[in-house]
Protein chains: 2
Amino acid sequence: MATIRDVAKVAGVSVATVSRVLNETGYVHENTRKRVLEAIEQLDYSPNEVARSLFKGESRWIGLLLPDITNPFFPQLARGVEDELQKHGFHLIFGNSDENAEKELHYINTFMQNHVMGIIMAANQSGKADYRGFPIPMVFLDRTPDGNPSVYADGVEGGRIAAREIIRRGSKRVTLLKGPEHIRPAQDRFRGALEELSNSHVDFYVMNTHSFSFQDATQWAAELFAKYADTDGIIASNDVVATAILHEALRLGKRIPDELQIIGFDDIPQSGLLFPPLSTIRQPAYDMGKEAARLLLKLIKKEKIDQRNVQMPVTFVERLTTRKVDARG
Amino acid sequence: MATIRDVAKVAGVSVATVSRVLNETGYVHENTRKRVLEAIEQLDYSPNEVARSLFKGESRWIGLLLPDITNPFFPQLARGVEDELQKHGFHLIFGNSDENAEKELHYINTFMQNHVMGIIMAANQSGKADYRGFPIPMVFLDRTPDGNPSVYADGVEGGRIAAREIIRRGSKRVTLLKGPEHIRPAQDRFRGALEELSNSHVDFYVMNTHSFSFQDATQWAAELFAKYADTDGIIASNDVVATAILHEALRLGKRIPDELQIIGFDDIPQSGLLFPPLSTIRQPAYDMGKEAARLLLKLIKKEKIDQRNVQMPVTFVERLTTRKVDARG
DNA sequence: CGGTTTCGTGTAACCGGTTACATAAAAAAT
DNA sequence: ATTTTTTATGTAACCGGTTACACGAAACCG
């Protein structure tokens, strides 16, 4: 690998001059510039970013920390982040935290030791963590503790919409799954749906669930249908759980959506591929990733921020696990 | 951020001694060691990895380049890679190449400039790229050009199994989808299935398809059922395509698996969640990721390698888009 | 007890960039 | 023609670690 000194020697100038050409700073005579550029070309030189980073205390790296990339919701986020960073010449260092505070801390440390310019993360221990006063900018994505810059979908409104839509489409005995206590978005959804159901004329049943796992959800589904056989509408805490319920319902021979409506949350890619395709409350995951990257970049460049907490809109995606709405609305 | 010199001052020793304590090299008196450790504790010091990396020309970073993390096959690979690297104290720098040679090159460059110790990638331009003699170790994963260290599933055998199983389960008029020309695993599967079909007694029809996209596949499916209405067994080029076909078949009211059997490839997480769940040829994606990481680490540490090209076994995952096999086999 | 060997520690060069500062030549201003 | 300003370039310190080398003290040895 050629160094800046090699280039300087070939071009017959000092390293400072080469550096000036590289960074387009200070004065360089046009002829000199050409010679340097030729030398660079000839040696196939490209600057050592590590050396740069050491001197400047900066880099072009951003740390991204997600609970688990194999959870189908997260790749979209990651992709959004990457695409936006890429546009601005930044790159991604990535880790899975597994909702494990220790791993999380370990990664944050590693990131810092490597001069990342900022961190985007979906936090785990909701509430507990407070990263105000952290030496580098941090943006929380999806799972967001209070008081820090964040990008998240409007879970409460999502819950409301889910309840509203399922009622509007004629469910009379709704089941609402509560979702994990420690996951903020799950609780927001729950609160929104609860609010709407409370103000409605339908009976409803709240079932406590404490994970987003497909396995667990399959069991709850069985339990649910045993306990509350005549429920005719289920609001699941996310699409994975909704899928498990859909499965169990089909296995039991329930007609969907005529006999039972199901609404999920997230709109993960597979939701549209189920049979019947799942109606759900969509989070704009890709855009949330982009937005988080944008916010972080602004923080890094110390640009004026009009909104440190970006709430993204959710939408109802009507597919075939809900009925067509009555003409009378 | 405290530096090694701060620590040295507090401990009343030279930086060299601190460095010796840090790296457990050379002689350090036990008492001195304690003092240094205390100073480290007191200052909450952790070494600057960038400075280390600059001097040693090494790092603990590995570059991972995948076509698109939102493609459901890849997160598993990524996770496998990450978990294995993590165990050995290495970390991941990640990029999406979008099957775009330029992006790919750009990333490889960025990786190099940042002293990554090795690269794991799913290559795009099959065949064209040759990275022998590359200055740092490189392992190809899933999409593998010849002659370089690689980890991949046995696509040919997978194709054979798929054909064998679908025939064994009674399909008489099989359709085989060819899959994209430029994606090596797709061609391997195709060749394997073709071989087995050719040696069999069933009629079959080969349909050219040139992408793994769900959208495209939905169209081909429509075409397929129009042209070849009485096909009773379809071997898709991967699970996404199989899903599209399943969809279209259900829409047309085909009874599955009685009237039509479908086999996919990959066993992406959603395949088991479809209704009916998809029978498929499973690639051990997570393990492939792990294996690639292991191979790369060996290459980096210049350990003896017994196998530079690791072929992973595929298995038939029997779900409900294929019939139970006849008792007579 | 003098000569080796083993310990223990410090000084300073080095990794490959960036940049403050010095200096000189060229151009512009007086 | 002299002074001032602008342009052009080089020297060397610096970022924060690691390590070759030097040197003195302690331990070992016959």
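Below, chains carry the letters A, B, ... as their sequence lines are ordered, and counting in each starts from 1.
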Closest to the A:Ala16 side chain: C:dT19, C:dG17, D:dG17?
C:dT19

Base, sugar-phosphate, or nothing for B:Val13, non-hydrogen atoms under 4.0 angstrom?
sugar-phosphate

When you measure from the side-chain N and O atoms of B:Asn48 to the phosphate of D:dC15, is any distance below 4.0 Å, counting only OP1 and OP2?
no

Between A:Lys56 and C:dT19, is there a contact of a side-chain N or O with OP1 or OP2 at under 4.0 Å?
yes

Considering every strand and a 4.0 Å limit on heavy-atom distances, what is the contact class for B:Ser19: base, sugar-phosphate, or nothing?
base

Taking the side chain of B:Tyr27 as its heavy atoms from C-beta onward, which of D:dT9, C:dC7, D:dG10 lies nearest to it?
C:dC7

Under 4.0 Å, heavy atoms only, any strand: does A:Thr32 hit a base, just the sugar-phosphate, or nothing?
sugar-phosphate

Using atom types as modelled and distance alone, determine if a side-chain donor or acceptor of B:Asn71 lies under 3.5 Å from a backbone N or O of B:Phe73.
yes

Look at B:Ser14 and C:dG10 and indicate whether a side-chain polar atom (N or O) is within less than 4.0 Å of OP1 or OP2.
yes

Is the side chain of B:Thr110 donor-acceptor paired with the backbone N or O of B:His106 at a distance under 3.5 Å, no angle test?
yes

Of the nucleotides C:dT9, C:dG16, C:dT18, which has the atom closest to the A:Asn23 side chain?
C:dT18

Can you tell which of D:dG16, D:dG17, D:dT9 lies closest to the side chain of A:Val28?
D:dT9

Closest-nucleotide ordering on DNA chain C, the 5'-leading residue of B:Ala51 and B:Arg33
B:Arg33

Compute the centroid of each ring, for B:His91 and then for A:Tyr107, and state whether the two points are separated by less than 6.0 Å.
yes

So if I take every side-chain heavy atom of B:Arg52 and compare against C:dG17, C:dT9, D:dG17, which nucleotide ends up nearest?
D:dG17

For atom CD of B:Glu30, is the number of surrounding heavy atoms from other residues, nucleotides or ligands below 6.0 Å larger than 12?
yes

Counting only side-chain nitrogens and oxygens, does B:Thr17 get under 4.0 Å of the OP1 or OP2 atom of C:dG10?
yes

Among D:dT18, C:dT18, C:dG16, which is the nearest nucleotide to the side chain of A:Leu54?
C:dG16

